[in-house]
Amino acid sequence: MIRRIGMLVAIGCLMMAGNALAQSKAAAVVEDLSAPVAGIEVFDFLEPGQVITLPAGTRITLGYMQSCLRETITGGKVTVGQQGSAVSGGKVQQEQLKCGGNLQLGQAQAGKSGAMVFRRGPGTGKTPANTPEPSVTLLYTAPAFAVDRPGDLTIERLDQPETVLLYKASGKLFDLAKTGKPLFAGGIYRVALNGKSTIFRIDPGAADGGGPLLLRLVRF
């Protein structure tokens with residue numbers, strides 16, 4: 001019995017590690033689809049080398065996390081790259097966004113950043129000296145959080161006292177612009193879901209509510 005439990009625990013750990021590794025390799029996220037496409041859904045994370053065949057007239061919007069490039073592609077064969085797509089037989093419109101931070105930290109990196117990197121020197125203003133360094137800065141006040149499986153998602157402000165927010169998260173993405181209240185510009189927050197957590201900052205000049213997914217995406 002004990003041996004069986006140990007095997008189940010080991011399998012669970014391997015599955016979690018595999019999920020984290022897969023997400024850390026992701027280069028782009030599917031922001032929008034105008035019609036169903038085989039094997040692809042909105043909010044899927046895509047890896048370099050992945051190929052998407054779009055029927056004529058079908059439109060897909062991809063956000064590249066490393067380059068902060070947003071592409072709207074209509075029809076054709078799309079090959080996902082590290083920083084942009086190679087498109088054959090289709091039309092591409094590109095928009096270069098100005099992201100506020102590193103958008104492609106994987107779960108292990110983000111967890112390490114949130115847990116071990118702290119601000120130096122004494123606290124200044126409203127930010128305590130021991131506030132963890134955020135892994136990403138968002139340019140809108142309504143973050144969107146990647147979801148690996150349903151669970152309780154908590155948002156806690158770290159730079160000043162504030163009520164902890166609790167939501168039931170499901171699907172592939174929990175979008176605060178649609179299901180919760182926006183956060184405060186300039187705030188530093190910790191988000192936790194299913195035993196994973198990371199730290200993020202809302203830029204002091206952040207726009208209200210939602211906007212392009214790349215400018216407000218938080219991954220674990």
### Task
For side chain to side chain contact (heavy atoms under 4.5 Å, CB included), just list the numbers for Glu41 and Leu33, CA-CA rounded to whole Å, side-chain angles, deciding distance to a tenth of an Å, and then say yes or no.
CA-CA 7 Å; Glu41 295 181 353; Leu33 269 175; 5.5 Å; no
Sub-4.5 Å side-chain heavy-atom contact between [X] and [Y]:
X	Y	answer
Lys168	Pro150	no
Phe200	Val191	yes
Leu165	Lys181	yes
Leu173	Leu217	yes
Glu31	Val42	no
Val29	Tyr64	no
Val51	Lys77	yes
Leu176	Tyr167	yes

Point-to-point distance, once rounded to the nearest 0.5 Å, from [atom1] of [X] to [atom2] of [Y]:
X	Y	atom1	atom2	answer
Arg157	Leu183	CZ	CG	8.5 Å
Thr198	Leu193	OG1	CG	12.0 Å
Ser197	Ile155	OG	CD1	13.0 Å
Leu213	Asp175	CG	CG	7.5 Å
Thr137	Ile202	OG1	CD1	9.0 Å
Leu54	Ile73	CG	CD1	7.0 Å

### Message
Between Ser34 and Thr58, does the side-chain hydrogen bond (donor to acceptor under 3.5 Å, both in side chains) criterion hold? Intermediate values first, please.
### Response
CA-CA 6 Å; Ser34 66; Thr58 300; 4.9 Å; no
### Task
Could you give me the CA-CA distance, side-chain angles and deciding distance for Gln94 and Arg70, then say whether side chain to side chain contact (heavy atoms under 4.5 Å, CB included) is met?
CA-CA 6 Å; Gln94 295 183 328; Arg70 196 170 188 234; over 6 Å; no
Test your reading of the model: is there a side-chain donor-acceptor pair from [X] to the backbone of [Y], 3.5 Å cut-off?
X	Y	answer
Ser67	Gln83	yes
Asp32	Ile60	no
Ser135	Ile199	yes
Tyr189	Phe184	yes

Minimum heavy-atom distance between [X] and [Y], given as atom pair plus value:
X	Y	value
Leu139	Lys98	CD1-O, 2.9 Å
Met65	Leu214	CG-CD2, 3.9 Å
Arg219	Phe45	NE-CE2, 3.6 Å
Val218	Pro143	CG2-CB, 4.4 Å
Thr141	Gly209	OG1-N, 2.8 Å
Ala27	Gly81	CB-O, 3.4 Å

### Query
Going through the checks in order, is the side chain to side chain contact (heavy atoms under 4.5 Å, CB included) test met by Ile40 and Leu46?
CA-CA 9 Å; Ile40 298 293; Leu46 308 178; 3.9 Å; yes
If you measure from the Lys or Arg side-chain nitrogens to the Asp or Glu carboxylate oxygens, is any gap between [X] and [Y] under 4.0 Å?
X	Y	value
Arg190	Glu156	yes
Lys172	Asp148	no
Arg201	Asp203	no

### Message
Taking atom CD as the centre, does Glu162 end up with more than 12 heavy-atom neighbours from other residues, nucleotides or ligands that are less than 6.0 angstrom away?
### Response
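More than 12 within 6.0 Å, yes.
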### Task
Report the C-alpha separation of Glu71 and Ser85 in whole Å, then their side-chain angles, then the decisive distance to 0.1 Å, and conclude whether the side-chain hydrogen bond (donor to acceptor under 3.5 Å, both in side chains) test is met.
CA-CA 8 Å; Glu71 298 181 335; Ser85 303; 2.6 Å; yes
### Over-ring placement of Arg216 relative to Phe145, 6.0 Å and 45° cut-offs
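No, cation not above the ring by the 6.0 Å, 45° rule.
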### Query
Could you go step by step and tell me if Thr72 and Arg59 meet the side chain to side chain contact (heavy atoms under 4.5 Å, CB included) rule?
CA-CA 7 Å; Thr72 299; Arg59 185 178 63 254; 3.3 Å; yes
